[in-house]
There are 2 protein chains.
Amino acid sequence: MKASDTTPARRMGPSGSATWHLMLDGAEAILREEGYAELTSRRVAERVGIKQQLVYYYFKTMDELMVEAFRRLSKRELERFEQAMSAERPLHEIWGIAMNTSDARLISEFMALANRSEGVRAEVIAFIERSRQLQVEALTRAIERKAVAAGKPAAALPPVAATFLATSVGLALTREAALGVSMGHAEIAGVIEQYLAALEP
Amino acid sequence: MKASDTTPARRMGPSGSATWHLMLDGAEAILREEGYAELTSRRVAERVGIKQQLVYYYFKTMDELMVEAFRRLSKRELERFEQAMSAERPLHEIWGIAMNTSDARLISEFMALANRSEGVRAEVIAFIERSRQLQVEALTRAIERKAVAAGKPAAALPPVAATFLATSVGLALTREAALGVSMGHAEIAGVIEQYLAALEP
DNA sequence: GTCTATACACCGATAGAC
DNA sequence: GTCTATCGGTGTATAGAC
């Protein structure tokens, strides 16, 4: 369309290099420990021991850095889920992941970021849908195995409802625990574990 | 302890005045529509049509403004809960409130803020505990009424677990809906409404 | 009660030297 | 690949005039 872009376009470095990863590591640490309000090029640089301006050699904008950071995280998480599916008791594994404090906090921050950045939003939506899909498949298989073994028709709780429930509850539990609230936590964890034990003895 | 404060303390306006409320209204609107990263004295002033510096006549710091904003909101919400308890079908009312989009978003933002501000954190903790207490009481009463009527021992799901579940799920549903995700939403809403209908026909 | 003036720190981003 | 220099913009907060 445009025969000549008047802006010559800034010189940029390659994705995937060691420094590139280092910067994303720094960004993750900041999100985890301080929240997205502190995620700035200066803070990232300070953390990894480089100059602020170098951030813009590897990322066009801070928004792009955030998108890349979530993309890397989401890939890692999905691989973790997939691996959990092939473990001995997949549902217990999934629940364990949902209860992992530090990454729950990280994902929480990205969800907040998703409200303000189109790029992040698209990645977050894709991640939610893919991980829910994975969980539904695993749960469906587990329920069917159980039903066949017992000769029962099973399921007052549809698999997708159960996974949604587990994810929401896991997130709420870790978020409240971080604040120092614990009212009802033991009871709700008990209910979930009872449900899991019934499916995966 | 200190016989004389060397800093003369800046001149301050009264809490509760019309302008004071106007500023909190502006702060709420910003949180709802744009998120806490945009909650600045300049943006508040712009919204309500006054100069940025006037914010500091009514609030010592931005942090104090946030605390006051949450305090006002939390008071309003708790009154709403209490009123709902005395309605015809209290549990349906509570679920309705949990599903109210705009205030769920607002509360979400304050929860994120709680991770960064001690003052906000204290208020958020108090709010969570008080509102959960209220809900547990209402649910306990409803279950007992039902159990007495049916002559049953009742309750595989402890009331505090049920309310925790409803709150987490409600928050997750509205947050995802805001992003445009809907996978499993109909199923989970169906399950909850079924549970409610069983208790409050 | 609201305004102007003003300080100082930090932010994203660009240009160009080494 | 990393640095120095630098820009315009925005943030919190204070002092003091009207």
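Bear in mind the structure is a predicted one, so any value in this text is a computation, not a measurement. Proteins come first, then strands; the chains are lettered A, B, ... in the order of their sequence lines, and each starts at number 1.
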Taking only nitrogen or oxygen atoms into account, show me every contact under 3.5 Å that the protein makes with nucleotides 1-3 of chain C, one pair per line with its distance.
unit_1 : atom_1 : unit_2  : atom_2 : d
C:dG1  : OP2    : B:Tyr57 : OH     : 2.9
C:dG1  : N7     : B:Arg11 : NH1    : 3.2
C:dG1  : O6     : B:Arg11 : NH2    : 3.2
C:dT2  : OP2    : B:Thr19 : OG1    : 3.4
C:dT2  : OP2    : B:Tyr58 : OH     : 2.9
C:dT2  : O4     : B:Arg11 : NH2    : 2.7
C:dC3  : OP2    : B:Lys51 : N      : 3.2

Please report the distance, rounded to the nearest Å, between [atom1] in [X] and [atom2] in [N].
X: B:Phe59; N: D:dA13; atom1: CZ; atom2: P; result: 13 Å
X: A:Glu34; N: C:dC11; atom1: CD; atom2: P; result: 11 Å
X: A:Gln52; N: C:dC10; atom1: CD; atom2: P; result: 12 Å
X: A:Met66; N: C:dC11; atom1: CE; atom2: P; result: 12 Å
X: B:Lys60; N: D:dA13; atom1: NZ; atom2: C1'; result: 12 Å
X: A:Arg42; N: D:dT4; atom1: CZ; atom2: C1'; result: 13 Å

By side-chain contact (heavy atoms from CB on, under 4.5 Å), B:Gln52 pairs with (sequence neighbours left out) B:Ser41, B:Arg42, B:Ala45, B:Tyr56
Just grab all the side chain to side chain donor-acceptor pair (under 3.5 Å) pairs involving residues 180-191 of chain A, residues at least two apart or on different chains.
->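 Those involving residues 180-191 of chain A are A:Glu176-A:His185.
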Side chains of [X] and [Y]: closer than 4.5 Å at any heavy-atom pair?
X: A:His21; Y: A:Arg72; result: yes
X: A:Phe127; Y: A:Phe70; result: yes
X: A:Asn115; Y: B:Leu179; result: yes

message: So which atom in A:Ala84 and which in A:Glu93 form the shortest heavy-atom distance, rounded to 0.1 Å?
response: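 Here A:Ala84 and A:Glu93 meet closest at CB-CB, 3.6 Å.
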